[in-house]
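We count ligands from 1, going down the list as the structure has it; atoms in each ligand are counted the same way.
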Amino acid sequence: MAKHWADFQYEIYLNGMTGAVPRLPTDLTRLEELTEQRLGPGPVGYVAGSAGSGSTARANRAALDRRRIVPRMLRDVHERDLSVEVLGRPLPAPLALAPVGVLSIMHPDAESAAARAAAAQGVPYILSSASSTPMEQVAEAMGDAERWFQLYWAKDREVTRSFLNRAKAAGFTALLVTLDTPLLAWRPRDLDQAYLPFLHGVGTANYFSDPAFQAGLAKPVHEDPNAAVMHFVGMFADPGKTWPDLEFLRENWDGPIVLKGILHPDDARRAASAGMDGVVVSNHGGRQVAGSVAAADALPRVVEAAGDRLSVLFDSGVRTGDDIFKALALGAEAVLVGRPYAYGLGLDGQAGVEHVIRCLLAEFDLTLALSGHARPATLGPDDLIEENA
Ligand SMILES: Cc1cc2nc3c(=O)[nH]c(=O)nc-3n(C[C@H](O)[C@H](O)[C@H](O)COP(=O)(O)O)c2cc1C
Ligand SMILES: O=C(O)C(=O)c1ccccc1
């Protein structure tokens, strides 16, 4: 029998009766405010912030809220199984932790704690290129648990080649290539606070520890850290890249490659033609193009374009179990969640991230059951209506 994630609710009730209430709220939308109280406006401003006046982040939420579930009755949901296969990998549930860089601004144990939490719950951890901890160290913290690597596709080809080799050696199985951040967007909250973690060297660990990166510096990192930071800023992403450049990645990575940040169906078709294995429909949590289409509104057309040629994953705005249900009903195979686990980390380290994973999946399990489904595979557009469409 598969694990029933919903059982977490009785664990909470029963613990609560002995006075052991959970240390974090079960409504994950409350975490941002609590984290801000704990850590102050700089770090939380960076995590919570988005592009422009925030219209894309708001649109992400509105597009999920506007879709409403139409539950079905009298279907056998006694035995449920949330497991799915994504990119040829068996997952216990259709959820992975999104690549979030610079996590040491949330907690000193940073990515290692988040990765351990993912490993403990069996959920894949996607490590950012811009992590505060070198990838080898994060991999070691995870044992043999499922891990994927997110690539910021650097200007320097040798740095990219080195990252791919290191990630492979450290046991990362799939590669997510983020395409929506060739430049950092206009982010007023960070601009007005003059707070950008990597200008303080946070999020540069993979680069500073890399021989190919070091080869591009006039002086060793410890002799001129500021120059090293500026070198990182100038090379970590490349606005000059185009579709034919994907060939280099295909030649240098044997495992699945997923393009993150796809919103247009024609780009999904190009991804398939370029031999990619999947896409993440994402607008980077509203942090890149202000005024962009909401991720959930872009999803159905990308799913249609992908057909059975690509795995389609989804992120941007997932906060609850019913959001996971909706994304899957719109055709995603799995979702990634970003900010909620960063707040969980900020509030309670590894335990906080595990809390976020367990709450999301308990709520998803219950939403599934209460809507008449025993497994993700039976979800489809028929399970939703769109209000005011
Ligand atoms: C603080 C922060 C840092 C991020 N860093 C990265 C990154 O290094 N690489 C990347 O591909 N996406 C990054 N993202 C985007 C996430 O992977 C993901 O697309 C987004 O957070 C999903 O939206 P959500 O936060 O609403 O769940 C970051 C997001 C946040 C909030
Ligand atoms: O903040 C982000 O959204 C992001 O993707 C990023 C980019 C560079 C370094 C760290 C995070």
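Residues Phe325 and Thr320 form no side-chain contact, since every pair of their non-hydrogen atoms from C-beta on lies 4.5 Å or further apart. No side-chain heavy atom of Asp190 sits under 4.5 Å from any side-chain heavy atom of Leu184. The closest side-chain heavy-atom distance from Val47 to Val102 is not below 4.5 Å.
Ligand 1 places these atoms under 4.0 Å from at least one heavy atom of Lys260: 10 (C), 11 (O), 12 (N), 15 (C), 16 (C), 17 (O), 18 (C), 19 (O). Proximity to Ser282 (heavy-atom distance under 4.0 Å) selects the following atoms of ligand 1: 19 (O). Within ligand 1, counting atoms from 1 as listed, the ones closer than 4.0 Å to a heavy atom of Arg319 are 24 (P), 25 (O), 26 (O), 27 (O). Every atom of ligand 1 is numbered from 1 in the order shown, and the set under 4.0 Å from a heavy atom of Asp315 is 18 (C), 19 (O), 22 (C). Below 4.0 Å from some heavy atom of Phe236 lie the following atoms of ligand 2, by number and element: 8 (C). Taking every non-hydrogen atom of Ser128 and a distance limit under 4.0 Å, the qualifying atoms of ligand 1 come out as 7 (C), 8 (O). Ligand 1 places these atoms under 4.0 Å from at least one heavy atom of Ser316: 22 (C), 23 (O), 26 (O). Residue contact check: Arg187 has heavy atoms under 4.0 Å from atoms 1 (O), 2 (C), 3 (O) of ligand 2. For ligand 2, the atoms closer than 4.0 angstrom to any heavy atom of Arg287 are 1 (O), 2 (C), 3 (O).
Side-chain atoms of Arg287 come within 3.5 Å of backbone N or O of Gly49 as a donor-acceptor pair. Put simply, the side chain of Arg250 gets close to the backbone of Trp253: a donor and an acceptor are under 3.5 Å apart.
For the pair Gln150 and ligand 2, no heavy-atom separation below 4.0 Å is found. Contact between Gly101 and ligand 2 is absent, with no heavy atom of the residue lying under 4.0 Å from the ligand. Contact analysis leaves Ala342 out of contact with ligand 1, as no non-hydrogen atom separation drops below 4.0 angstrom.
In terms of N/O distances under 3.5 Å, ligand 1 is not approached by Val337. Taking any N or O of Gly101, backbone or side chain, at least one lies under 3.5 Å from an N or O belonging to ligand 1. The shortest N or O to N or O distance between Tyr46 and ligand 1 is not below 3.5 Å. For the pair Pro99 and ligand 1, the shortest N or O to N or O distance falls below 3.5 Å. Checking only distances, Ala98 never comes within under 3.5 Å of ligand 1, N or O to N or O. Of the polar atoms of Tyr152, at least one N or O is found under 3.5 Å from an N or O of ligand 2, judged by distance alone.
Under the 4.0 Å criterion applied to side-chain N and carboxylate O atoms, Arg319 and Asp323 are not assigned as salt-bridge partners. Between Asp297 and Arg67, at least one side-chain N (NZ, or NE/NH1/NH2) sits under 4.0 Å from a carboxylate O, which counts as a salt bridge. A salt bridge does not link Arg339 to Asp315: none of the charged side-chain nitrogens sits closer than 4.0 Å to a carboxylate oxygen. Remark: Asp238 engages Lys241 in a salt bridge, criterion side-chain N to carboxylate O under 4.0 Å. A salt bridge does not link Arg301 with Glu304: every distance from a Lys NZ or Arg NE/NH1/NH2 to an Asp or Glu carboxylate oxygen is 4.0 Å or more.
Ring-plane geometry between Tyr341 and Tyr125 is classed as perpendicular, the angle between the planes exceeding 60 degrees on a 0 to 90 degree scale with a lower cut at 30.
Of the candidates Phe236, Phe198, Tyr152, Tyr343, the one placing a heavy atom closest to atom 9 (N) of ligand 1 is Tyr152. Counting only non-hydrogen atoms, the option in Arg339, Arg287, Arg61 that gets closest to atom 1 (C) of ligand 1 is Arg287.
Protein heavy atom closest to atom 20 (C) of ligand 1, with residue, atom name and distance, is Gly285 N, 3.8 Å. The protein non-hydrogen atom at the shortest distance from atom 8 (C) of ligand 2 is Phe198 CE2, 3.4 Å. Among all non-hydrogen protein atoms, the one lying nearest atom 10 (C) of ligand 2 is Ala130 CB, 3.6 Å. Nearest protein neighbour of atom 1 (O) of ligand 2, counting heavy atoms only, is Tyr46 OH, 2.4 Å. Nearest to atom 21 (O) of ligand 1 among the protein's heavy atoms is Gly338 CA, 3.8 Å.
Heavy-atom contacts from other residues, nucleotides or ligands closer than 6.0 Å to CH2 of Trp186 number 12 or fewer. Within a 6.0 Å radius of CD in Glu136, other residues, nucleotides and ligands contribute more than 12 heavy atoms.
For Phe213 and His231, the distance between ring centers is under 6.0 angstrom. Residues Phe198 and Phe232 place their aromatic rings such that the two centres sit under 6.0 Å apart.
At a 4.0 Å heavy-atom cut-off, ligand 2 does not touch Gln288 at all. At a 4.0 Å heavy-atom cut-off, ligand 1 touches Thr178 through the side chain alone.
With rounding to the nearest 0.5 angstrom, the CZ atom of Arg270 is 11.5 Å from the CG atom of Leu259.
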